[in-house]
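In what follows, chains are A, B, ... by sequence order, proteins preceding strands, each numbered from 1.
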There are 2 protein chains.
Amino acid sequence: MARAATTSDAFNAIAEPQRREILVLLRFGERPVTDLARDLGMTQPQASKHLRVLREVGLVRVRGAGRQRLYGLDARGLRPLHEWLGGFERFWSESFDRLDEYVQELRQATQEGPHDGDDQ
Amino acid sequence: MARAATTSDAFNAIAEPQRREILVLLRFGERPVTDLARDLGMTQPQASKHLRVLREVGLVRVRGAGRQRLYGLDARGLRPLHEWLGGFERFWSESFDRLDEYVQELRQATQEGPHDGDDQ
DNA sequence: CCATCGTATGCCTATATCGGAATGTGTGAC
DNA sequence: GTCACACATTCCGATATAGGCATACGATGG
């Protein structure tokens, strides 16, 4: 068997650096294919192919605007990634995450009794 | 060119579901190869190969313990993923994250003036 | 030193990728 | 209707994967 299809997963889809860059660009709004291709220094067909993959895993949506097709981000598809990663937060926050720190601060401020401890 | 090597990235390494499961198991502590293989229902050689990949991208470390080799999580390698994903938080929190909600609650409780709004 | 356990590696095949170039499809404009 | 434009799809080749199986490696114990 070969590697799993790039379209099988958000995990597989974003394994490709260029696809990640596309998603980053789309954070700033919808864009047509040619725009993306030019900004990322790739050919139009390649951009189209990458967008196809991203579409199949539900990370982007298309909207026909005249003879252009505007691609837009659908970041809900990234949630599985986020959730999976969530299980590891405690590990890489050996040097605490700013958000974590913030939460702790606030937790103290509100004088909520702590109900979870950290072990290991 | 083919797909980028699985060992080129944490992104590529975790594209494989079994590799993700290995990492999840390692959250609970160090473990020898055979253990992992059995728990995940795969052959020992496969587990070894997956662990090799994970090692090459710095997601696990090995520690020789007698004639066993204990594999342990090194979650720092997941930070690039976390950081990349961070840029999208605002998007998938259309239906708010529990943590986000919690932070907001607490923010109100502490009566901190709000200094950022959510747009979309 | 030799047997044995735990683990790593080599070889093989099928599969699917990414890149490049050319060409197909569809929409709007004149 | 035809041209031009924006985009999608196809064919090609090189590459490297994951799985299965056999086997090599390394350390420990007797």
Mind calculating the distance between CG (Leu51(B)) and P (dG6(C)) to the nearest angstrom? 16 Å
Would you name the heavy atoms of Leu73(B) and Arg61(B) that are closest together and state the gap between them? O-NH2, 3.6 Å
Both Gly66(B) and Thr43(B) contact DNA chain D. Which one's nearest nucleotide lies toward the 5' end? Thr43(B)
Please name the pair of heavy atoms, one in Ile14(A) and one in Phe11(B), separated by the smallest distance, quoted to 0.1 Å. CD1-CD2, 3.8 Å
Starting at atom CG of Asn12(A), determine the distance to atom P of dA16(D), rounded to an integer number of angstrom. 18 Å
Backbone of Leu25(A) reached by a side-chain donor or acceptor of Arg31(A) within 3.5 Å: no
Minimum-distance pair of heavy atoms, taken over all atoms of Leu59(B) and Ala13(B): CD1-CB, 4.4 Å
Which nucleotide in dA21(C), dA22(D), dT17(C) has an atom nearest any side-chain atom of Pro45(A): dA21(C)
Please classify the nucleic acid contact of Arg55(A) as base, sugar-phosphate, or nothing, using heavy-atom distances under 4.0 Å. nothing
In this structure, how many angstroms lie between the P atom of dT10(D) and the CD atom of Gln46(A), rounded? 17 Å
Between N or O atoms, less than 3.5 Å apart, protein on one side and nucleotides 5-7 of chain D on the other: list the pairs.
| residue | atom | partner | partner atom | Å |
| --- | --- | --- | --- | --- |
| dC7(D) | OP1 | Val33(A) | N | 3.2 |
| dC7(D) | OP2 | Thr34(A) | N | 3.0 |
| dC7(D) | OP2 | Thr34(A) | OG1 | 2.0 |

Rounded off to whole Å, could you give me the CD-to-P distance for the Glu16(B) and dA16(C) pair? 14 Å
Could you give the CZ-to-P distance, from Arg38(B) to dC5(C), as a whole number of Å? 16 Å
Figure out the NZ/C1' separation between Lys49(B) and dA22(D), and round it to whole Å. 11 Å
With Arg20(B), which residues qualify under side chain to side chain donor-acceptor pair (under 3.5 Å), at least two apart? Asp9(A)
Rounded distance in Å - CZ (Arg3(B)) to C1' (dG13(D)): 17 Å
Between dG10(C) atom C1' and Arg52(B) atom CZ, what is the distance in whole Å? 12 Å
Has Asn12(B) got a side-chain atom pairing as donor or acceptor with Thr7(B)'s backbone, closer than 3.5 angstrom? no
Shared ILVMFWY cluster between Val53(A) and Leu51(A), side chains joined below 4.5 angstrom? no
